[in-house]
Amino acid sequence: MKDNLASLLCISGILCFSSCTSYHQSTKEFRNSWDLGDEVQALSYLEKAGQSIKDGHDEELLWNMEMITVSRANQANELTDLHIDRAKSIADENFGGGLIDPSSKGIGEYVGRFYDRNMLEIYRTIRALEAKNNNRAQTALTELKFKRQEAEEINQKRIVDIESKAHERNDLKYNEFLESGEINQNDLVKEEIAERYQEFYNPMGDYLRLVLTNRGGEQFDFGTNKTTLEKTLGEDLSFLKEENKISSTDSNSFTYVFIETGSAPYRMEKKYRLPLTLFYNGMPPGGVLYVPFALPQLAYRDDCDRKFSILSGGQSTEMETLTDMDSVVSAEFKAKLPGEIAKALLQTVLAVASQVVIEETTKNQQEDNLGVLLFATVAKVAAAEAFTQADDRSWYSLPKQILVQRIPTPKDGKIKVQSGSSSAVELEVNPNNQTNFIYLKSIRRGNPIKVISSFGFGQGLASYMTLSKFKLLAAKH
C-alpha cells in the first residue's frame, strides 16, 4: 500500500517541473508595459524579472534576447552589447537543440528558434556598425549567411526522427489521426502569411549584406546581389531598384532610414480534448473517453503604424517593407508544425500509458479505500497535464515589421520621418558623409517615434562616424 502511494506521489509530482509558468508570471508586467508602448517601464519590469534568472535557467537565453530589444529601445547601448554577447554565447552552445524527445517532462530549456538567432546576428551587426567595429559586423553577417541551410537540415532531421518514433508505437494510430482532419492548421498559423517567405528566411540579412557590398568597400564584399531579395519582395521596391554598387570616390551622399514598427506574433498554447479512440490503439484506462492535447498557436498583433514617410528637401518619400516578421515567424512555425504534432501525439499517448499504470497500481486499493480512489484520480489528471504541454515561449519584443528607404542626403542634412498617425521625428545627418544610417523605433500606433541611432561614414565604411542631432515631435491625437 505504501509503495503504491509512493509511486502515485512520484507521478503526480511531475507537474512541478517547469519554470515556464513562473517565467510568464514574472514577465507579465513587462509584456503589458511593452504592449502599451512604454519602453522605459518595460525595461524596469524586465530587469526585475531577471533577478530570478541564474546561469543555466531554462529561460536564460529568452530573457537575454528580450533585454537586447528592450534596452536598445531605451538607447542603453552598453546594456544591449552585454546581452548580445551573453545571448550569442548561449545560442551558439545550443544551435539546433538536438532531436525532439517526447518522453521528457516539461518543455525544457529554451534554445531559441532560427529567427531568434537570425535577429540576434542582425542586432549584433547593427550595433557593430554603430560602434564602428567593422570586423565584428562582417563576422556577424558572414555567420548569418551560412546558418539558414543548417537550420533547414536540422529541422528536416528532427521531423523525420520524431515521425519515425510515432510510427514505431503500436498504441498510436498516427496516420489515421493525421487523415482525420481533427487539427485545422489555419487555426494555429495564418497560412497565407506563412507562404510569403521561404522557411527560415529573413530579408534583412541579405539587404544589409547588399548595402555593405555596394557601399562598404573591399572589406565588405560579400558577393551579394539582388536576386533573392527581388524574388521574395518583388522587383518594384524603390529601395532595391536604385541600390547599385558605387566607387569609393563617388561624391553622391545617400541616407538609409530604417524603422521597426509594432510587435511580432507571440505563441500561445491551444488545448484540445480529443476522443481517445481517434488515435489510441490500446485498452484505455477506465472511464477515460477524452484526453488533453496541446499545440502551439500564433497570436498576431496589429496595433501599430504601418505607413511612414520621409520628408526632405521639399519632397516626401514613402518607406517600404523590408522584413515582415509576421511572415518570418509564420513560415518557420509552419515548417516545424509536423514535428510539433508528432511530438504532441506521442506525449498524449505517454500520458494515457501513465494513466493505465496508475489504474493498475491502485486497482485493488481503490475498491476499499476512498482516499486512494481520489488520489488516483488526481494522479491521472496530473499525468495527462504534465505530458501534454505546448511550448508557448517566444521573443516577445521583436518588431512586427522593419521598413526602409534610401534617399539622396539633403544638402542641409535635415530629415523628417512621419507616421500615418501623425507621430513624427526630425533629425540632422552629415551631408558630407558618403553614407548615412538612421534607425528608428515605433512600438505602438500613435506613440512617439524614437531615434535609436543615427550615424554615418565617409568613403566606404571608414572609421569616421557622426552622431546626429534629433528632436522628437509630440504625437498628435
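All residue numbers refer to positions in the sequence shown, counting from 1.
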**Student:** Decide whether a cation-pi geometry holds between Arg406 and Phe254; the criteria are a distance under 6.0 Å from NZ or CZ to the six-membered ring centre and an angle within 45° of the ring axis.
**Tutor:**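 Checked: cation-pi criterion met.
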**Student:** Determine, step by step, whether Asp35 and Tyr396 satisfy the side-chain hydrogen bond (donor to acceptor under 3.5 Å, both in side chains) criterion, reporting the C-alpha distance in whole Å, the side-chain angles of both residues, the deciding distance to 0.1 Å, and the verdict.
**Tutor:** CA-CA 10 Å; Asp35 288 342; Tyr396 194 82; 2.6 Å; yes
**Student:** Determine, stepwise, if the pair Glu199 / Lys336 fulfils salt bridge (charged side-chain N to carboxylate O under 4.0 Å, His left out).
**Tutor:** CA-CA 9 Å; Glu199 59 199 45; Lys336 292 182 174 180; over 6 Å; no
**Student:** If you look at every heavy atom in Ser312 and Ile415, which pair is closest and at what distance?
**Tutor:** CB-CG1, 4.2 Å
**Student:** Checking Glu66 against Ser397: is there a side-chain donor and acceptor pair closer than 3.5 Å?
**Tutor:** yes
**Student:** Which of these, Glu152, Arg113, Arg117, sits in a side-chain contact (heavy atoms from CB on, under 4.5 Å) with Phe200?
**Tutor:** Glu152
**Student:** Check this for me: does any side-chain nitrogen of one of Asp92 and Lys88 sit under 4.0 Å from a carboxylate oxygen of the other?
**Tutor:** yes
**Student:** Do the side chains of Lys343 and Glu340 get close enough for a salt bridge, i.e. N-O under 4.0 angstrom?
**Tutor:**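 Answer for the salt bridge query: no.
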**Student:** Please check this pair: side chain of Thr232 against backbone of Leu229, looking for a donor-acceptor N/O pair closer than 3.5 Å.
**Tutor:** no
**Student:** Side chains of Glu130 and Ser453: is there a donor and an acceptor less than 3.5 Å apart?
**Tutor:**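 Yes, Ser453 and Glu130 have a side-chain donor paired with an acceptor closer than 3.5 Å.
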**Student:** Please walk me through it: do Asp85 and Arg136 pass salt bridge (charged side-chain N to carboxylate O under 4.0 Å, His left out)?
**Tutor:** CA-CA 12 Å; Asp85 290 342; Arg136 182 167 180 168; 2.4 Å; yes
**Student:** When you check the side-chain N and O atoms of Glu318 and Gln405, is any donor under 3.5 Å from an acceptor?
**Tutor:**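 Not at all, the side chains of Glu318 and Gln405 share no donor-acceptor pair under 3.5 Å.
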**Student:** Run Arg209 and Asp206 through salt bridge (charged side-chain N to carboxylate O under 4.0 Å, His left out) and show every step you take.
**Tutor:** CA-CA 5 Å; Arg209 276 191 294 271; Asp206 274 352; 2.6 Å; yes
**Student:** Determine whether the aromatic ring centres of Tyr256 and Tyr439 lie less than 6.0 Å apart.
**Tutor:** no
**Student:** Taking all non-hydrogen atoms of both residues, which atom of Asp305 and which atom of Ser419 are closest, and how far apart?
**Tutor:** OD2-OG, 3.5 Å
**Student:** Run the side-chain hydrogen bond (donor to acceptor under 3.5 Å, both in side chains) test on Asp38 and Ser33 for me, step by step, so that the C-alpha distance in whole Å, both residues' side-chain angles and the decisive distance to 0.1 Å come before the verdict.
**Tutor:** CA-CA 5 Å; Asp38 187 347; Ser33 295; 5.3 Å; no
**Student:** Side chains of Tyr110 and Asp116: do they bring a donor and an acceptor to under 3.5 Å?
**Tutor:**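 Yes, because at least one side-chain N or O of Tyr110 sits under 3.5 Å from a partner of the opposite role on Asp116.
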**Student:** Between Gln297 and Glu269, is the side-chain hydrogen bond (donor to acceptor under 3.5 Å, both in side chains) condition met? List the steps.
**Tutor:** CA-CA 6 Å; Gln297 176 186 34; Glu269 183 180 67; over 6 Å; no
**Student:** Using a distance-only test with no angle check, is there a side-chain donor-acceptor pair under 3.5 angstrom linking Asn214 and Glu243?
**Tutor:**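 Yes, because at least one side-chain N or O of Asn214 sits under 3.5 Å from a partner of the opposite role on Glu243.
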**Student:** At their closest point, which heavy atom of Ala390 faces which heavy atom of Pro296, and how far apart are they?
**Tutor:** CB-N, 3.5 Å
**Student:** Please give me the minimum heavy-atom distance between Asp391 and Arg267, naming the atom from each residue.
**Tutor:**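 Nearest pair, atom of Asp391 first, then Arg267: O-NE, 3.0 Å.
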**Student:** Is the centre of the Trp63 ring less than 6.0 Å from the centre of the His83 ring?
**Tutor:** yes
**Student:** Closest heavy-atom contact between Leu440 and Leu427?
**Tutor:**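 Closest approach of Leu440 to Leu427: CD2-CD2, 4.4 Å.
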**Student:** Could you tell me whether the side chains of Arg445 and Ser421 share a donor-acceptor contact shorter than 3.5 Å?
**Tutor:**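 Ser421 and Arg445 do not have a side-chain donor-acceptor pair below 3.5 Å.
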**Student:** Given 3.5 Å as the limit, does a donor-acceptor pair link the side chain of Ser52 with the main chain of Ala49, or not?
**Tutor:**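 Present.
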**Student:** Within the side chain of Thr80, is there an N or O that forms a donor-acceptor pair under 3.5 Å with the backbone of Ala76?
**Tutor:**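 Yes; judged by distance alone, with no hydrogens or angles, the pair exists.
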**Student:** Is the NZ or CZ atom of Lys190 both under 6.0 Å from the centre of the six-membered ring of Tyr300 and within 45° of that ring's axis?
**Tutor:**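 That pair qualifies as a cation-pi contact.
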**Student:** Work out which heavy atom in Met325 is nearest to a heavy atom in Pro265; give both atom names and the distance.
**Tutor:**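 Taking Met325 first and Pro265 second, the nearest heavy atoms are O-CD, 4.2 Å.
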**Student:** Using a strict 4.0 Å threshold on nitrogen-to-oxygen distance, state whether Lys334 and Glu195 make a salt bridge.
**Tutor:**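 So Lys334 pairs with Glu195 through a salt bridge.
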**Student:** So is Lys270 actually on top of Tyr272's ring, under 6.0 Å and inside 45° of the axis?
**Tutor:** yes
**Student:** Looking just at side-chain N and O atoms, do Gln401 and Asp324 make a donor-acceptor pair shorter than 3.5 Å?
**Tutor:** yes
**Student:** Give a yes or no answer on whether the side chain of Asn186 reaches the backbone of Glu191 with a donor-acceptor pair at less than 3.5 Å.
**Tutor:**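 At least one qualifying donor-acceptor pair exists.
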**Student:** Any Lys/Arg nitrogen of Lys400 or Glu260 sitting under 4.0 Å from an Asp/Glu carboxylate oxygen of the other?
**Tutor:** no
**Student:** Is it true that the side chains of Glu320 and Ser238 contain a donor and an acceptor less than 3.5 Å apart?
**Tutor:**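 Side chains of Glu320 and Ser238: pair found under 3.5 Å.
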**Student:** Under the side-chain contact (heavy atoms from CB on, under 4.5 Å) test against Ser263, which residue among Arg301, Arg31, Arg444 passes?
**Tutor:** Arg301
**Student:** Return yes if some donor-acceptor pair links the side-chain N/O of Glu39 with the main-chain N/O of Thr69 below 3.5 Å, else return no.
**Tutor:** no
